[in-house]
Number of protein chains: 2
Amino acid sequence: MTGKKPQRSTFHKRLDHMIATLRNQIVSGNYAPGEMLPSIAELGEQYGLSKNSVRKGLELLSEEELIMKLPKVGARVLHPVPERQIKIKLGCYKNIAKEAKLDALLQAFHAKYPQVEVQSFLLPYDPYHTTVKEFMDNDWLDVMTMNYSDFKLFSTDTESEYLEELDSFPGTYKFLSKLFTYNERLLAVPWIFSPVILAYNQSHFTQSGLTEPNSSWTWEDLKAAAAKLAADHGGFGFYYHMPSSNRWPIMLLQNGFVNGAENAEAEKAKFIASIEECRDLIVNQSYSPLHFSESNADVEELFARGKASMILCTYYSLNKMQSADVDYDIAPIPRRDTPATLLLTTGLAVNARSRHKHAAKLLVDFLLSEEAQLMIRKQTLSIPSLERAAEWKGVDELHRPSRFHMYREIIPTFKLMTDLGLHHRDIIAIRRELMLFWAGMEEAEAVWERVQQLLELRNPVN
Amino acid sequence: MTGKKPQRSTFHKRLDHMIATLRNQIVSGNYAPGEMLPSIAELGEQYGLSKNSVRKGLELLSEEELIMKLPKVGARVLHPVPERQIKIKLGCYKNIAKEAKLDALLQAFHAKYPQVEVQSFLLPYDPYHTTVKEFMDNDWLDVMTMNYSDFKLFSTDTESEYLEELDSFPGTYKFLSKLFTYNERLLAVPWIFSPVILAYNQSHFTQSGLTEPNSSWTWEDLKAAAAKLAADHGGFGFYYHMPSSNRWPIMLLQNGFVNGAENAEAEKAKFIASIEECRDLIVNQSYSPLHFSESNADVEELFARGKASMILCTYYSLNKMQSADVDYDIAPIPRRDTPATLLLTTGLAVNARSRHKHAAKLLVDFLLSEEAQLMIRKQTLSIPSLERAAEWKGVDELHRPSRFHMYREIIPTFKLMTDLGLHHRDIIAIRRELMLFWAGMEEAEAVWERVQQLLELRNPVN
DNA sequence: CCTCTTTTGTACGAACAATTC
DNA sequence: AGAATTGTTCGTACAAAAGAG
C-alpha cells in the first residue's frame with residue numbers, strides 16, 4: 001500500500017477492519033496472551049493506516065482490556081477476562097441474613113454468575129419508606145427486601161414509579177401472587193413468608209402431662225394450659241410481645257373487625273373485645289411476673305431459655321432457636337370463632353432507576369429459582385415462596401420441628417393487615433392509644449373514641 | 001511567525017503561554033461572557049502553534065468551564081461560575097433532625113457555602129459499627145453523627161483508621177474534650193450532649209402540694225413523692241424504661257460499681273443492690289399498672305400525655321415535648337450516696353477516605369461554629385457543646401423549662417458507661433440476663449454468676 | 001557506563017470532509 | 001450557493017524511553 005495515497009472515504013472501513021481482525025486474532029488465540037502485537041508502524045503499513053490512526057485503534061482495544069499498552073514498549077495481549085464485573089447493591093432487613101442464609105445464597109449466585117458481584121448491607125428501618133426512596137435516588141440500592149406493609153407505602157401512582165415491574169414466577173403459592181401488585185403491575189416478588197404461629201416447649205408439655213396444641217384450640221384452651229405450665233415450670237405459661245404490630249392486630253382479625261364497616265356499633269364491640277383479650281392473655285395468667293419485653297426478639301429469647309412454655313412467633317424466628325437446646329414444636333395459633341392468623345411476606349423489589357437493572361433482575365431471578373428456594377428450604381426454617389421448594393421432601397440436615405409442614409393445612413386462615421382496612425401507619429397510631437389502655441390508664445371506650453378520630457383523617461384501604 | 005519553523009523544544013512554553021493568556025483575558029473580562037474566541041487558525045498563527053495544538057489548549061479551557069466549545073462553530077466564553085458544586089453525605093441518628101434542628105442548620109450552612117450541598121440521611125442502627133464501616137467503604141458517607149458508645153467501637157488501632165483526625169474546637173466544655181480521642185488523636189468532635197435527668201409534671205406537683213425535686217433528693221424521696229403523685233393523678237408517679245442501656249446502668253454508676261475491681265465480693269454486692277433498686281423503682285409503687293414501654297420514647301409519650309408525673313429522660317427528649325401541652329420542669333436525678341448520672345454525647349466524625357474531606361471538615365467546622373451552636377441553643381432544648389453558646393443568655397422564643405440551666409450545677413456528677421469498666425456490648429449482654437431477673441425468673445446471685453462468666457471473656461476497658 | 005537501535009509518543013503542516021450561517 | 005470554520009486524517013519529523021550489547 002506504500003506510495004499510493006489511501007482514499008479518505010475508506011478510512012473507517014480500514015480502521016474497523018484492523019480492529020476487528022486484531023480482536024478476532026486475540027480471542028481466537030492467534031495472538032497468545034502475553035505475546036506482543038506488531039509495532040504501530042508495521043500495523044499501519046499492513047492496514048494502510050497512519051501511525052496516529054493505528055494508535056487510536058489500539059487505544060480502543062486497550063479499553064476493551066484485550067491488550068495492555070506498555071508505554072514506550074508496545075502492546076501486550078492480555079489474558080481474556082470472562083466479562084466486565086458488575087457490582088450491585090442489595091439492601092436487607094436486619095434479620096434476613098439469618099432467616100434466609102443470605103451469605104450462602106449470594107455465594108451460590110456468584111458461583112453461577114461470576115461477573116456480578118453482590119454487596120449486601122442493612123437498610124435503615126423506621127421509617128423504611130422515605131429512607132429507601134432516598135437510597136434509590138442516590139443509586140445506592142439496586143435490589144431490596146420489602147415486606148407487605150412496607151410495600152403498601154409504595155402503592156400509589158407516584159411512589160410505584162420507584163419500583164421496576166417484574167415478571168411473575170410460576171409455581172409460587174397462589175395466595176402470595178397478588179400481594180405485591182399495584183395497578184396490575186407486579187412491583188415485587190414474594191420470596192419467603194411465614195404466618196404467625198404458636199411455638200411450644202415440648203418437654204414442658206410432656207412433663208405437665210398436657211396434650212399438645214392443635215388447630216381446635218381456642219384461647220381458653222391456651223389459657224388453661226398456660227396456667228398449668230406456669231405452675232409446673234416457673235416461667236411464663238404463655239407469652240407474646242403485645243405491642244408488636246405483628247401480634248395484637250391478630251385479635252382484631254380473629255374478631256372480624258373491619259375499619260369503616262357499616263355497623264359501627266358492632267365494630268366498636270369487636271375492637272373492644274379484641275384489645276381486652278390481648279391484655280387478658282398476659283394479665284390473667286396464674287403465674288404473671290413483671291415482664292419487660294422490648295421486642296419479639298426478647299420473647300423468642302425467653303422461649304429459647306425455657307422461660308416461656310408457649311409463645312407467638314413466626315417460622316422466621318425459629319431460625320434463632322437452632323443454637324438453643326430447647327425441645328420445641330409448633331402449632332397454629334388458637335382461634336376465637338373462625339381461625340385466623342397474620343401472614344407475613346418478605347418480597348424482593350428492584351430499583352426502577354438502577355443502573356444495573358439487568359444484573360438486579362438476574363439476582364431476583366436467582367433468588368426465586370428452584371435452586372435458591374431449595375437452599376432456603378433445606379438450610380433454614382423459613383418458608384420459601386416457591387411451592388415445589390417449600391414442600392420438598394427429603395432427609396433433613398437441620399433440626400426441624402416435627403410439625404414444620406403444619407402451615408400447609410392452615411392456608412385459608414392467612415389474613416393480611418389490610419384485611420382490617422388499616423395501613424401500617426394506622427396500626428402504629430393505634431398502638432400508642434392501646435399502650436395507655438393496657439397500662440390501665442384509659443378506658444376501652446375512650447380508646448375507641450380516640451382511634452375513631454385518628455382513622456377519620458384517613459380513608460379505608462383494601 | 002509564519003515561514004519559520006518553530007522550535008520543538010519551545011512547544012510547551014508556547015502552548016502554556018496561549019492558555020494562560022486566554023484564561024487571563026477571560027477572567028479579567030477582556031473577552032466578555034458570550035463573546036466568541038478567535039478561530040483556531042487565528043490563534044495558531046498568533047501563538048505559533050498548529051491547529052491541533054490550539055485545539056488541545058481550548059479543550060483544556062473547556063474542561064475548566066471557562067469556555068464552551070460549540071461544534072463546527074467556535075468557542076464561546078462562559079459566564080464565570082463561582083466554584084464547582086460539591087455534594088457531601090451526612091449520616092445521622094434517627095432523632096437528630098428534631099434534637100438539633102438539622103434542617104435549619106444545613107440551610108444556614110448552604111447559605112454560607114453555596115458550593116457545598118449536604119445531603120442528610122438516616123444511618124442504619126443496630127449494629128451501627130459494622131454498617132457504618134460498610135457505608136464508609138462505599139463512599140456513601142462523608143460526615144456522620146457518633147455517640148460515645150459507638151465511638152468506643154472505633155477505638156482500636158485498625159478501626160480508628162476509618163476516622164479522620166480533626167482539630168479540636170477551643171471553647172467546648174472541658175469534660176467533653178477528651179471523649180473522642182484515641183491514641184492522642186481526636187477522631188470525632190463533641191457536638192451536642194445531655195446528662196440523663198428527671199423531668200416532672202409541675203401541675204401535678206402543685207396540685208399534690210409537693211415541693212419540687214432538687215439535687216438533695218434520694219431515690220427514697222422520689223418513691224415517696226411518686227406514691228402520692230400516683231394516688232392523686234392516676235398514672236405513674238415515676239416511670240422509666242428500665243431495659244434501656246441509658247437507664248439501668250445509672251444505678252451501677254451510683255453504687256460505684258467497677259467491673260474487674262479488686263474486691264470481687266464488694267462489686268457483687270453493689271451489682272445486686274443496683275439491679276434490685278432498678279426493679280423496686282417500678283415494682284414497689286403504690287400505683288403500679290401493667291406497663292409495656294418498648295423504648296424511652298414510649299416513656300416520654302406517657303409523660304407528654306400527663307400519664308406519668310416523673311420520668312427519667314434527657315435534654316434531647318425535651319424537644320419532643322414542645323408540641324405537648326404539659327407543664328413540666330427538670331431536675332437532677334435522685335442520688336444514692338454520691339450523686340451520679342450518665343452523660344450522653346453526640347459527636348461528629350469524618351470518613352478518613354472521603355473524597356470530599358475538605359468540604360466534610362467545612363461542615364463539621366460550621367456545625368461547631370458559634371453561629372450553629374447558638375442556633376441549636378436557641379431553637380432546641382439540646383445542649384450544644386460550645387460553652388459560650390450553651391450558656392447564652394437572651395430572650396427565649398421557645399418554651400423552655402425554667403430550670404434549663406440546671407445541668408451546669410451537676411457537671412461533676414456526669415459519668416460515662418466506661419467508668420463501669422464496661423463496653424456497650426457488655427451492657428447489651430448483661431441486659432439479657434437482667435430481663436430474667438426483673439421478670440422474677442432468676443435469682444440475683446445466679447444473674448451475677450452468669451454476668452461474671454460473660455465478662456470473663458473480655459478485658460476491662462477504661 | 002555508554003552507545004546504538006527500536007519503538008512509542010507527540011507535534012506540525014497540509015489536505016480534505018463536514019457543518020454552520 | 002458559498003465562505004468560514006471546525007474536525008479529522010495523513011505523512012513527516014523529532015523527542016523520549018526502553019532494551020540490547
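Note that the structure is predicted; figures quoted are calculated from it, not measured. Below, chain A is the first sequence line, B the second, and so on; all start at residue 1.
With sequence neighbours left out, A:Phe11 forms a ring-ring contact (aromatic ring centres under 6.0 Å, His included) with no residue at all. Looking at residues two or more places apart in sequence or on another chain, you find a ring-ring contact (aromatic ring centres under 6.0 Å, His included) between A:Phe154 and A:His129. Every residue two or more places apart in sequence or in another chain that forms a side-chain contact (heavy atoms from CB on, under 4.5 Å) with A:Asn30 is listed here: A:Gln25, A:Ser28. Residues passing the side chain to side chain donor-acceptor pair (under 3.5 Å) test with B:Tyr31: none are found, sequence neighbours excluded.
Under the 30°/60° scheme for interplanar angles, the aromatic rings of A:Tyr125 and A:Tyr93 are found to stand perpendicular.
Between the NZ atom of A:Lys56 and the P atom of D:dG7 there is a distance of 13 Å, rounded to whole Å. The interatomic distance linking A:His12 (NE2) with D:dT8 (C1') rounds to 8 Å, in whole Å. Summarising the geometry, the separation between CD on A:Glu59 and C1' on C:dT10 is reported as 13 Å, rounded to the nearest angstrom. Counting to the nearest Å, the C1' atom of C:dC16 and the CG atom of B:Asn52 are 14 Å from each other. Here C:dA11 presents its P atom at 10 Å from CZ of B:Arg14, a figure rounded to the nearest Å. For A:Glu45 and C:dT7, the CD to P distance is 13 Å, given to the nearest whole Å. Atom P of nucleotide D:dC10 and atom OH of A:Tyr47 are separated by 15 Å, given to the nearest angstrom. Taking atom CZ of residue B:Arg76 and atom P of nucleotide C:dC21, one finds them 10 Å apart after rounding to whole Å.
Among residue pairs with one or both ends in residues 103-118 of chain B, those qualifying as salt bridge (Lys or Arg N to Asp or Glu O under 4.0 Å) are B:Lys112-B:Glu371; sequence neighbours excluded.
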Protein N or O to nucleotides 4-6 of chain D N or O, pairs below 3.5 Å:
residue	atom	partner	partner atom	Å
D:dT6	OP1	B:Ile40	N	3.3
D:dT6	OP2	B:Ile40	N	3.1
D:dT6	O3'	B:Lys72	N	3.1

